Number of protein chains: 2
Amino acid sequence: MTTPVVIVLNGVIVAVTDDRPRILTVKHPDDSLRVPKEADFEEGAPPDALPFGPLDPAADRTLELGLNGWVREQTGIELGYVEQLYSFGDRNREPGVRQGGPRVISIAYLALVREEQLSVRGEANWRDWYEYFPWEDWLWRRPSMIDEQIAPALTRWVQAATDTTIRSRRQERIEIAFGLEGAPWDQERVLERYELLYEAGQVAEQALDTIVARRDRQESQKSSKGSSPQPKTSLLGRPMALDHRRILATALGRLRGKIKYRPVVFELLSPTFTLLQLQRVVEALAGVRLHKQNFRRLVEKGGLVEGTGQLDSKTGGRPAKLFCFRREVLRERPAPGIGLPGALTK
Amino acid sequence: MTTPVVIVLNGVIVAVTDDRPRILTVKHPDDSLRVPKEADFEEGAPPDALPFGPLDPAADRTLELGLNGWVREQTGIELGYVEQLYSFGDRNREPGVRQGGPRVISIAYLALVREEQLSVRGEANWRDWYEYFPWEDWLWRRPSMIDEQIAPALTRWVQAATDTTIRSRRQERIEIAFGLEGAPWDQERVLERYELLYEAGQVAEQALDTIVARRDRQESQKSSKGSSPQPKTSLLGRPMALDHRRILATALGRLRGKIKYRPVVFELLSPTFTLLQLQRVVEALAGVRLHKQNFRRLVEKGGLVEGTGQLDSKTGGRPAKLFCFRREVLRERPAPGIGLPGALTK
DNA sequence: CTTAGTTATACTCACTTCTAGCATAAGAGC
DNA sequence: GCTCTTATGCTAGAAGTGAGTATAACTAAG
């Protein structure tokens, strides 16, 4: 008996509208993967999922062509910027799948589209990225949830470890990831934060996995990993199907890192824009407010943009100059990105 | 007829010895993939390959465990730091494979090991990374090969395009990737450079692919991609099997980027080291010489290392203080890496 | 035991780049 | 004209970088 392998392509399709980052989601269509009622997890409704499609190993010449193909079919969107994110292949990453079924390897891609393309066909929805990761949204202020719910829960999790080595290891991890005890907040550590919450039993997916694992009872359930599932009310952020929220966290972290050294933001903007529009998009992705004057100096002096000579008078105050991406910067600077000037230091 | 999928795990296993970066290679064992004689490519000898092993979809619980497993079996090496690199899945990435065979998806990993572990079992060899990419080695000086062979060949390739849009696109690409016409050299663009050389027919693998493609004659061969294969003498760098040199280029680029914002170098060093040893390892990876005084200032003031109080008197001159990695820096700084202070500016 | 060679380490100075502001400009609505 | 809003210009001080000079501590040759 040989276990067959199936390749699934997942797309994290990102846009920014109304100064919020959005991702394209679908309702998970496969009934066999529907969340069991007992998970206390959206009461049996099909959860949000990232759009995905199978790789046709015979027809799709490259992985990316395969991705473009079914995205076009399912949503009508023509992907512009696409980059491979990560491949996820743990067994049991799809807890609903019966043992003995095929091994599913999912290769995730990050795609950026412009606001104009926002209309979609079918069952797809644009959702605010931060619904899934409310603790990542520092635009307004440092989310109170961090001190009120996350830190206490993680501290309990640290103390639940009896072995002192494990305990101090956990303590270090939560301090670095969530900027506790005076450590700085690193916007890029999105995945680390999600995984800590998962291990500490603070997200719905973990509760679900635990239930399924218990049902399957494949290995003695004494791993020190998870505490017992929490009641629904305390679980953090909007859940997704399978490991899709993990994929999403990977994407957010990658994107937050990438804007600093490659001019990818412009893939999310129309060809001409005001500096404030540009700033808002960067802020939406980074989840942090920036110092306006420094931002504009950085972008202009860095040669990333050039004025078009036109003005935009729909800004409410003084009309703003319109700019466009300055392609020559690619020749001039090794890593042209947009740092985060004046990001909240605390 | 359904096409089965096979997952292969590739490992780019890196160490630094004698101030040179080394990677672990094997001779490609599969005869069906042996390079055809007509390719004028090492005369039918089995080419170097990255160590690899299949994923057992039934047994290997995670991809990384699968990797660790066969690396241990084949080479006796216990991997420490491991990170996923990229998944390669183009059809025909294995030109020797007959049509109708399984679709091979290869998931590549980057692993760093310390010098102590250098002894290996079996057919494996440690090879200098720059044998495969001689144009990436700027340690001694800017390689003359860039001006003498690469630039002329790429210029011919640019001019071979009749369409002016394609031509200027190609021109921009070669300037950015190879720092021609006054553009700066970006150490991280290793993959871009390899792919340009590939497209321009300057590496043996491309010549081979062209031959195989012609033999298979699956699509009308009018793609503007490759010029005709060059005679062996002009081909650049030591070739590898299949697309392994592409994987290697991905790894080098990733590693060069990563040392700047994560303290991964220390995975390549013994627990205590002198600052010059540290500098030599960074230089070996980055392929650039650094300014010694500034380097030490950066690393010390950056809190990346701390003195152990011991001295190393085997340095030849004045004995050097021994340092070790300072773990607390992870808590203190968001992205603790080692910039490239004083990197050759031209 | 003096001298030359080698490596380590301290310190400096000019210069660029951020940070965090203040100040002014140019529109809209009343 | 006044007020509100957004855009844009400018700057003092802090921090970080680049490229050195100077000095210290050892080894090996004579």
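Just so it is clear, the model here is predicted, and its values are computed rather than measured. Just so you know, these numbers use all the heavy atoms, side chains as well, and skip hydrogens, waters and symmetry mates.
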- Contact under 4.0 Å: B:Lys301 side-chain N or O vs C:dA10 OP1/OP2: no
- Task: Would you please confirm or rule out a distance under 4.0 Å between OP1 or OP2 of D:dA7 and any side-chain N or O of A:Lys292?
- Result: yes
- Lys/Arg cation over aromatic B:Trp135: B:Arg142, 6.0 Å, 45° cone: no
- Contact letters for nucleotides 20-30 of chain D, in which S counts primed atoms plus P, OP1 and OP2 and B counts the base, heavy atoms under 4.0 Å: BB--BBBS---
- How many Å lie between CG on B:Leu322 and C1' on C:dT7, as a whole number? 14 Å
- Task: Establish, yes or no, whether the cationic atom of B:Arg193 lies under 6.0 Å from the six-membered ring centre of B:Trp185 and within 45° of the ring axis.
- Result: yes
- In whole Å, what is the span from the CZ atom of B:Arg297 to the C1' atom of D:dA15? 11 Å
- Item | Rounded distance (Å) that lies between atom C1' of D:dT17 and atom CZ of B:Arg296 | 17 Å
- Task: May I have the distance from A:Leu298 (atom CG) to D:dT8 (atom P), rounded to whole angstrom?
- Result: 16 Å
- Note on the structure: B:Lys260 NZ to D:dT17 P, in whole Å, measures 14 Å
- Query: Is it the case that A:Arg22 and A:Thr17 place a side-chain donor and acceptor less than 3.5 Å from each other?
  - Reply: yes
- Message: Main chain of A:Gln187, side chain of A:Arg256: is a donor-acceptor contact present, judged purely on distance under 3.5 Å?
- Response: yes
- Message: From CZ of B:Arg289 over to C1' of D:dA19, roughly how many Å is that when rounded to an integer?
- Response: 17 Å
- Item | Verdict with supporting geometry, B:Glu328 and B:Arg331, salt bridge (Lys or Arg N to Asp or Glu O under 4.0 Å) | CA-CA 5 Å; B:Glu328 299 89 317; B:Arg331 269 187 37 99; over 6 Å; no
- Can you check whether A:Phe323 reaches A:Thr308 side chain to side chain, under 4.5 Å on heavy atoms? no
- What integer distance in Å separates A:Leu290:CG from C:dC18:P? 14 Å
Tell me which donor-acceptor pairs under 3.5 Å the side chains of residues 262-269 of chain B have, and how far apart each pair is, sequence neighbours excluded?
{"unit_1": "B:Arg262", "atom_1": "NH2", "unit_2": "A:Asp186", "atom_2": "OD2", "d": "3.3"}
{"unit_1": "B:Arg262", "atom_1": "NH2", "unit_2": "B:Pro334", "atom_2": "O", "d": "3.4"}

- With a non-hydrogen cut-off below 4.0 angstrom, is B:Leu276 in contact with a base, only sugar-phosphate, or nothing? sugar-phosphate
- Nearest-angstrom distance from the residue atom CG of B:Asp312 to C1' of C:dT9: 15 Å
